[in-house]
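Atoms within a ligand are numbered from 1 in the order they appear, just like the ligands themselves. One-based numbering along the sequence shown. Heavy atoms only: backbone and side chains are in, while hydrogens, waters and symmetry mates are out. Note that the structure is predicted; figures quoted are calculated from it, not measured.
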Amino acid sequence: MKFLAQPAGALTGEIRVPGDKSMSHRSVMLGSLAEGVTRVHGFLEGEDALATVAAFRAMGVRIEGPTNGELTIHGVGLRGLRAPEGPLDMGNSGTSMRLLSGLLAGQTFDSTLVGDGSLMKRPMGRVITPLEKMGASISSAEEGRPPLHIKGGRTLTGIHYDLPIASAQVKSCVLLAGLIADGKTSVTEPGPTRDHTERMLRGFGYTVEYTAGVISVEGGGCLQAADIDIPADISSAAFFLVGASIAPGSDLLLKHVGMNPTRTGVLNILQLMGADIEIIDPREVGGEPVADLRVRHAPLKGINIPEEFVPLAIDEFPALFIAAACAEGTTVLSGAEELRVKESDRIASMAKGLTDLGIVNHPTPDGIVIEGGSMGTATVETFDDHRIAMSFAIASLRSTGPISILDCDHVATSFPGFAELANGVGLKLDYQ
Ligand code: S3P
């Protein structure tokens, strides 16, 4: 599928973007391992989260739905998974592969994890290393790439692991392995990363301790089925936060957005750039903060992005680069080498498309320098990366001519219905 994005005017109206991807994955994982029946509302019916559903079905878990974001999971308990008949296909989803590795490392059966072309190139050594320290046996292709072959029948022992990179996926992998390990498993992080695993474990009645920067779980407990209410994904909202900020005349209300403080870096960065974002009716839903966000057009200025915001906005940089392209002056990002190992090398992918659109930019090993300017017309590549596709769609709010965006199928991994929803508030996307 291709998008043809015609120059558009303002973004106006009210929308609720689909459910949070990170929480959707975790709801299936923890619901499957719980005792009893878990009901999930607001589940993201995107391909990544559906890959997690398919994996647990393949391991004998009965899951009904999703229908209109409702999922019913008949939990089998921490030791109730059954051997899958073949390899588990995680599609495009790094979260599924990394978190499942942790859950599978301590099972009685062997398992194999595979994915699509992008996922098969992504680094898994970062989860293999701590899992092996716990006693797991995992083989991979060269340099820790998938497929991962995980040996069953290993007894895991709790460890303390100092995370070498700020990664919620690695943290979650180790903590989830800790649920079936002997003794205590603990981690420290170089900086805060999204804490949905810790919050949701508590929501399922599992004790997660947090003392002096150390997060720990004791193995051998039990998860109790829960009702999970998933808010709208701030990472999907980010396209509209940027879009409404850059498009003159915009006034857009984004409903029920997840406002977990480990995810709100995009708001902090946009606000530093001068964005006008009002946080309305902040509330807590099922252990996660939520709010409505009203965003109006405002002139943006280039900034040096504080490095402490990087892990808190890690998925939002492609959209933020469009904000930087529309800002007055220079925006500098550093400390973000992780962007090079996402669904695509997001520094290179965005640099290429921005250059094609006439925006001067200089990629660096761990970031990019972007000079604000005027975007023209171009055909841009997405490198099969959903967030690159949606970022260039939003760019059409300020481009002087149409932007043709190649290979947009992967948008469905995180944001099914993106084009329809975006057109409903003012974008002009044709898709074929
Ligand atoms: C995620 C963590 C982040 C993020 C990814 C989802 C998660 O990855 O980029 O989209 O759900 O834990 P890292 O932990 O590798 O930074």
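Nearest-heavy-atom check against atom 15 (O) of ligand 1 across Ser172, Ser414, Ser167 picks out Ser167.
In this structure, Arg194 does not pair ionically with Asp20, as no charged nitrogen and carboxylate oxygen lie closer than 4.0 Å.
The part of Lys342 lying near ligand 1 is the side chain, judged by heavy-atom distances below 4.0 Å. In Arg194, the part holding a heavy atom less than 4.0 Å from any atom of ligand 1 is the side chain.
For the 3.5 Å distance criterion, the side chains of Ser167 and Arg98 fail to qualify, holding no donor opposite an acceptor.
With Asp356 contributing its side chain and Val380 its backbone, the two residues share no donor-acceptor pair below 3.5 Å.
Nearest protein heavy-atom contact of atom 1 (C) of ligand 1 is Gln169 NE2, 3.6 Å. Asp315 OD2, 2.8 Å is the protein heavy atom nearest to atom 10 (O) of ligand 1. Of all protein heavy atoms, the one lying nearest to atom 12 (O) of ligand 1 is Arg26 NH2, 2.7 Å.
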Query raised in the report: Going through the checks in order, is the side-chain contact (heavy atoms from CB on, under 4.5 Å) test met by Arg387 and Ser414?
Result: CA-CA 9 Å; Arg387 299 202 197 279; Ser414 69; 4.1 Å; yes

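Within the 4.5 Å cutoff, side-chain heavy atoms of His160 are placed close to those of Thr188. Thr38 places none of its side-chain heavy atoms less than 4.5 Å from the side chain of Leu71.
Interface atoms of ligand 1 facing Ile314, defined by a heavy-atom separation under 4.0 Å, are 9 (O).
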